[in-house]
Structures are given as structure tokens and as C-alpha cells.
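To start, the structure under review is shown below, and the notes come after it.
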Amino acid sequence: MDARWTSFALWGLGLLWSGLFGAFAAASWQEGERRAVRVALALAAGGGLLLGAGGLLPPIVRAGLLGLAGLSGAVFAALFFLPIGKVALGNDVPSRRFDERMVMFARARLQPGTPNYEAYYRQHPEHKAGDDSTRARPGLLSPRARFANPFLFAAAAASFEVTEALHQIVDGPPAPRRETLSSEAMTAYLKSLARYYGALDVGVTELRPYHVYSHIGRGPGEWGAPITLAHTYALAFTVEMDFAVMGAAPHAPVVAESARQYTEAARVAVQVAAALRNLGYAARAHIDANYRVIAPLVARDAGLGEFGRMSILMTPRQGARVRVGVVTTDAPLIPDKRDLRFAAAVVDFCNICMKCAETCPTRSISFNPRQEVDGALRWRINPDTCFRYWNVVGTDCGRCMSVCPFSHPDTAFHNAVRWGISRSGFFRRVALWMDDLFYGRRPPTKAPPAWMQVDAEE
Ligand code: SF4
Ligand code: SF4
């Protein structure tokens with residue numbers, strides 16, 4: 001190669017390198033990621049070395065550097081396509097229906113001395129001591145909780161009140177006249193309608209028996225009554241939780257954001273269900289504290305995401321930073337398919353990452369591989385210790401969600417990394433190393449937006 005071209009090539013590489021990391025530093029500044037800004041700026045400065053090398057080093061050394069860069073690129077490309085980190089998904093479909101009375105949130109509502117309390121702990125004495133201990137803590141949104149903040153707790157309570165008001169209209173009789181469309185057209189219309197109302201991603205699945213709780217544990221209806229749901233399809237959707245607010249986990253802003261997005265999911269679900277009933281179809285919205293279905297399981301089967309180590313839904317573009325809403329119906333719909341490549345990528349990444357497990361303040365997240373639960377391979381957190389912590393701090397914590405590498409914002413930089421993560425086991429290992437480098441193994445809690453930095457005057 002002409003000696004001048006080795007200089008141009010090194011300058012080009014230097015500019016590309018510095019430009020890339022400079023732009024990443026700017027994006028990280030906007031995201032409030034101070035450590036990532038420092039690391040990216042240091043790497044951007046490294047591009048200056050290449051610029052200097054292009055002007056100062058002898059031609060033979062410049063050619064050698066270019067050869068080294070080319071070889072590194074070729075090795076990286078070859079490793080990208082090697083079958084590293086292949087995992088067998090195995091069976092991840094539960095073999096039986098789950099009783100909602102056993103869900104932590106349902107157990108927490110049992111009042112000592114009531115018939116339901118006596119009945120439940122007669123059947124499950126193994127839960128009694130732990131649940132009584134949880135009930136003895138200050139409680140979610142309690143002014144006595146460790147992270148109590150009257151302003152943000154009032155905001156969260158307001159959202160929960162609105163969601164509760166929506167409980168009255170999750171269901172109803174369909175209109176006598178039924179409007180018909182082909183399944184394809186009906187599916188496309190309902191997905192667009194859900195997005196129009198505020199949903200982010202929308203998917204459809206056939207409603208399967210294991211999606212439906214076996215007995216009522218919360219919400220309207222008789223506690224312990226068997227659940228029958230004669231619907232054939234479920235439309236599931238996500239709403240996004242604010243990245244900047246979630247960075248403040250486990251402090252008070254997080255519960256305000258969770259409650260807001262529960263309300264958002266409930267509002268969208270109630271509207272979609274009402275629209276379906278106006279078209280003459282049976283439809284029920286499944287919203288916070290008033291579910292008949294296991295919403296994350298429905299959302300997974302509708303192709304919206306997969307379960308990771310935190311045992312909650314991880315979506316391709318927001319990770320776990322979402323809330324899920326579901327509408328079940330007898331309208332004819334076309335189901336979506338799960339993305340099994342993404343499923344395998346999540347399992348492999350969670351096998352090596354463990355950031356949530358290391359950061360969890362109560363060690364509620366397992367460090368072990370997936371285990372069989374009800375016949376399905378999955379990770380399962382310890383809901384008792386997790387929920388007890390919520391009742392100590394007064395918020396729903398969310399620390400695991402905020403540190404997860406999948407939870408970064410939906411931007412070109414992060415999506416490029418997500419693209420590589422879903423396609424290459426080698427890249428997943430590089431991406432994890434980069435995540436630790438840019439954000440830290442245990443990312444610190446960040447300050448919430450300025451308007452949320454409010455507290456009671458002494
Ligand atoms: S933090 Fe890591 S291990 Fe935990 S869910 Fe996210 S990717 Fe998986
Ligand atoms: S919400 Fe908090 S306590 Fe619960 S598993 Fe996540 S990090 Fe742990």
C-alpha cells in the first residue's frame with residue numbers, strides 16, 4: 001500500500017473510533033450515566049493515538065498497525081459466528097394451572113382472624129410465619145417505611161386509586177350486534193387500536209389453560225372460587241417504565257412510576273376490551289390486582305419477550321422495564337409466535353450475567369441455573385424475601401430491573417448491542433464485559449429527575 005494511504009487509513013480509523021465513542025459519551029450524558037461518559041471519553045481520546053500514529057510513525061509501522069487492526073476485525077467476525085453459548089431451552093410450559101391465592105400479593109391481603117386467613121394457612125402452614133413477619137413491617141406506601149416520601153407516595157397512591165376504580169369496568173356484556181372482519185384484519189385493527197390508546201408492543205396468543213389462574217386470590221369475586229374463562233385468544237401489550245425514574249431504584253420515585261404504568265396498562269386494557277364488547281365480542285381486561293390470567297406468561301406466549309433470571313418478562317427493546325396488560329376475548333385473532341432465538345439468547349446471557357442477583361439487596365434472586373417449576377424450566381426469585389423488603393422500604397424496589405443490561409433505553413447504540421446479543425454467544429460475552437466497564441458491576445442508584453427530588457419539610 002502507498003505510504004500516504006497508510007496515514008489516511010489510520011486517520012480514518014482514528015476519526016471513526018473517536019467519533020463513535022464521542023457520540024456514545026454524549027448519549028450517555030443524556031441518559032445520566034456518568035461513569036459511561038468518563039469511560040467513553042477516555043476511549044474516544046484513544047482514537048487520538050491512531051491520528052498521531054498516522055502522522056508520526058514510519059510507514060512500515062503504520063502498515064503493521066493496519067494489518068493488526070484488519071486481523072482483529074477478522075478474528076472478531078469469525079468468533080461472532082462460532083456456536084458459543086448455545087443453550088437448550090427445554091420445556092418451559094407449566095404443566096398445571098396456578099392458584100392465585102398462593103401469589104404473594106394475595107397472601108399479603110389476608111387479615112388475621114378472618115375465615116380466609118384461617119383457611120389459607122391451614123392449607124399452607126409453611127407460609128404463615130413468613131407472611132406474618134411481612135405483615136408486621138410498615139408496608140407498601142407506609143409513612144413509617146424506610147424510603148417514605150409523602151409526595152411521591154401520594155402520587156403512587158393516586159395511580160393505584162385510579163386503577164382500582166377501573167376494576168368496575170374490566171368486563172361487561174357484549175353489544176347484541178356483532179361486527180365481523182377476517183381474523184387477519186381484526187388482529188391488525190386491534191393491535192393498532194392498542195397502540196393508538198398507548199401500548200408499546202402488542203402480541204396475540206391462543207388462550208391456554210395454564211395461562212388462567214385456577215382460583216381467585218385477589219380482586220372482585222369470591223376468594224377461592226374456581227376460575228373459568230371461556231375466551232379463546234388473548235391480546236397482550238407492554239407499556240414502558242421511564243428509564244430515568246427507574247434509575248432511582250429502590251427509592252420512592254420507583255413506586256410512583258410503577259403505579260403510573262399499572263394505571264396506564266389498565267387504562268389501555270379496559271379501553272380495548274370495551275371496544276371489543278362494543279363490536280359484539282366477549283372481552284375482559286386483566287389489570288393490576290384484578291387478573292384472571294398470569295399476564296407475563298400470556299405476554300411471553302404472545303411473542304412480547306422471555307423470562308430471565310429476575311423471573312419477569314424481558315422484552316427485546318426495553319428489557320424488564322415494562323408493565324404488561326392483557327385482554328382476553330372470543331374475537332377471532334391470529335396468534336403471534338415466540339422468538340426462540342431471543343429466548344435462547346436471554347437464557348445464555350442470564351447464565352453468565354447475574355448482575356441482578358449480585359445487586360438485589362435481599363439476595364432474593366438465584367445464582368443457580370434454571371430449575372423445573374410446575375414442569376417448566378425457569379428461574380424463580382424468592383417472592384417472600386423480595387416482598388418483605390418492599391414492606392420495609394415502602395416501595396416496590398425495582399433495583400434488579402434498573403441494573404439489568406437489557407433495560408437500557410431504546411436507542412440506536414443500545415439496540416445495536418441488543419442485535420448482537422440476540423445473534424451471537426461470543427458477542428453476549430463481549431457485551432457483558434462492556435456493560436461492566438461502562439456501567440459497573442453494581443451500578444449505583446441514580447438521582448431521579450429534579451422535580452421528583454422533593455421531600456416533606458421538617
Ligand atoms: S441482570 Fe443479567 S442475569 Fe439478571 S435478568 Fe438481567 S440479563 Fe439476566
Ligand atoms: S425487586 Fe428488589 S428485592 Fe425484589 S428481587 Fe428485585 S432487587 Fe431483589
Side-chain angles (χ1 to χ4, degrees), residues 85 87 103-105 108 130 134 137 140 145-147 241 243 245-255 257-259 261-262 296 300 305-323 342-371 377-409 414 417-418 420-422 425 427-436 438-445:
V87 293
V103 173
M104 193 66 246
F105 301 113
T134 298
R137 313 295 156 132
L140 209 62
R146 188 181 301 164
F147 299 144
M241 299 178 72
F243 174 78
V245 179
M246 290 312 293
H251 294 279
V254 163
V255 73
E257 179 62 11
S258 295
Q261 296 308 338
Y262 275 125
R300 183 200 67 173
E306 294 294 330
F307 294 127
R309 187 174 289 279
M310 291 182 266
S311 80
I312 51 180
L313 190 78
M314 310 262 284
T315 63
R317 287 187 301 138
Q318 286 78 27
R321 205 168 37 78
V322 293
R323 289 284 176 235
F342 179 69
V346 168
V347 172
D348 181 43
F349 197 89
C350 287
N351 274 339
I352 57 173
C353 170
M354 309 206 187
K355 220 166 192 165
C356 53
E358 285 183 23
T359 316
C360 171
T362 57
R363 286 283 191 255
S364 299
I365 301 177
S366 165
F367 286 86
N368 296 324
R370 293 178 302 160
Q371 314 276 325
L377 269 178
R378 57 171 293 190
W379 278 288
R380 191 159 187 272
I381 69 162
N382 183 335
D384 298 17
T385 50
C386 169
F387 190 64
R388 197 165 304 137
Y389 182 69
W390 294 13
N391 282 273
V392 170
V393 297
T395 77
D396 55 352
C397 180
R399 189 84 175 102
C400 45
M401 190 187 288
S402 74
V403 303
C404 176
F406 278 90
S407 293
H408 292 302
H414 296 302
V417 175
R418 290 184 181 110
I421 283 176
S422 65
F427 191 85
R428 287 193 276 281
R429 281 139 185 89
V430 174
L432 179 58
W433 177 79
M434 290 198 314
D435 204 85
D436 287 351
F438 283 107
Y439 305 103
R441 189 70 199 141
R442 292 185 183 198
T445 293

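Whatever order the structure lists them in is the order used to number ligands and atoms, beginning at 1.
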Exercise for the section: Just need the protein heavy atom nearest to atom 3 (S) of ligand 2, so name the residue and atom and give the distance. Expected result: T362 OG1, 3.4 Å

Problem - Salt bridge flag under 4.0 Å for residues R441 and D435 - result: no

Problem - Minimum-distance protein heavy atom relative to atom 8 (Fe) of ligand 2 - result: C360 SG, 2.3 Å

Practice task
Answer yes or no for P250: is there a heavy-atom contact with ligand 2 below 4.0 Å?
Solution key: no

Handout entry: Ligand-residue contact atoms, ligand 2 with C397, heavy atoms, under 4.0 Å
Key = 1 (S), 2 (Fe), 3 (S), 7 (S)

Handout entry: R323 and S258: CA distance, side-chain angles, deciding distance, side-chain hydrogen bond (donor to acceptor under 3.5 Å, both in side chains) verdict
Key = CA-CA 8 Å; R323 289 284 176 235; S258 295; 3.2 Å; yes

Exercise for the section: Look at the aromatic rings of H408 and F243 and report parallel, tilted or perpendicular, splitting at 30° and 60°. Expected result: tilted

Handout entry: W390 touching ligand 2 at heavy-atom level, < 4.0 angstrom
Key = yes

Exercise for the section: Using only heavy-atom distances, determine whether the side chains of N391 and T134 contain a donor-acceptor pair under 3.5 Å. Expected result: no

Problem - Minimum heavy-atom distance between M246 and R321, given as atom pair plus value - result: CG-CG, 4.1 Å

Exercise for the section: Confirm or rule out an N/O/S atom of C356, from backbone or side chain, lying less than 2.8 Å from atom 4 (Fe) of ligand 1. Expected result: yes

Completion exercise
For C353, the atoms of ligand 1 under 4.0 Å from one of its heavy atoms are 1 (S), 2 (Fe), 3 (S), 7 (S)

Fill in the blank from the handout: In this structure, atom 6 (Fe) of ligand 2 is nearest to the protein heavy atom C400 SG, 2.3 Å

Exercise for the section: Could you list which atoms of ligand 1 come closer than 4.0 Å to a heavy atom of M310? Expected result: 5 (S), 6 (Fe)

Completion exercise
Atoms of ligand 1 under 4.0 Å from any heavy atom of C350, numbered from 1 in the order shown, are 3 (S), 5 (S), 7 (S), 8 (Fe)

Handout entry: Side chain, backbone, both or neither: I365 near ligand 2, heavy atoms under 4.0 Å
Key = side chain

Completion exercise
Under 4.0 Å from one or more heavy atoms of F406, ligand 1 contributes atoms 7 (S)

Completion exercise
Heavy-atom nearest pair, P250 first then T395, reads O-OG1, 2.7 Å

Exercise for the section: Give the atoms of ligand 1, by number and element, whose distance to some non-hydrogen atom of C404 is under 4.0 Å. Expected result: 1 (S), 6 (Fe), 7 (S)

Problem - Near-ring test W390/F147, centroid separation under 6.0 angstrom - result: no

Practice task
Return the orientation label for the F387 and F105 ring planes: parallel under 30°, perpendicular over 60°, tilted otherwise.
Solution key: perpendicular

Handout entry: Numbered atoms and elements of ligand 1 in range of F349, under 4.0 angstrom, heavy atoms
Key = 7 (S)

Problem - Contact flag C386/atom 6 (Fe) of ligand 2, N/O/S atoms, threshold under 2.8 Å - result: no

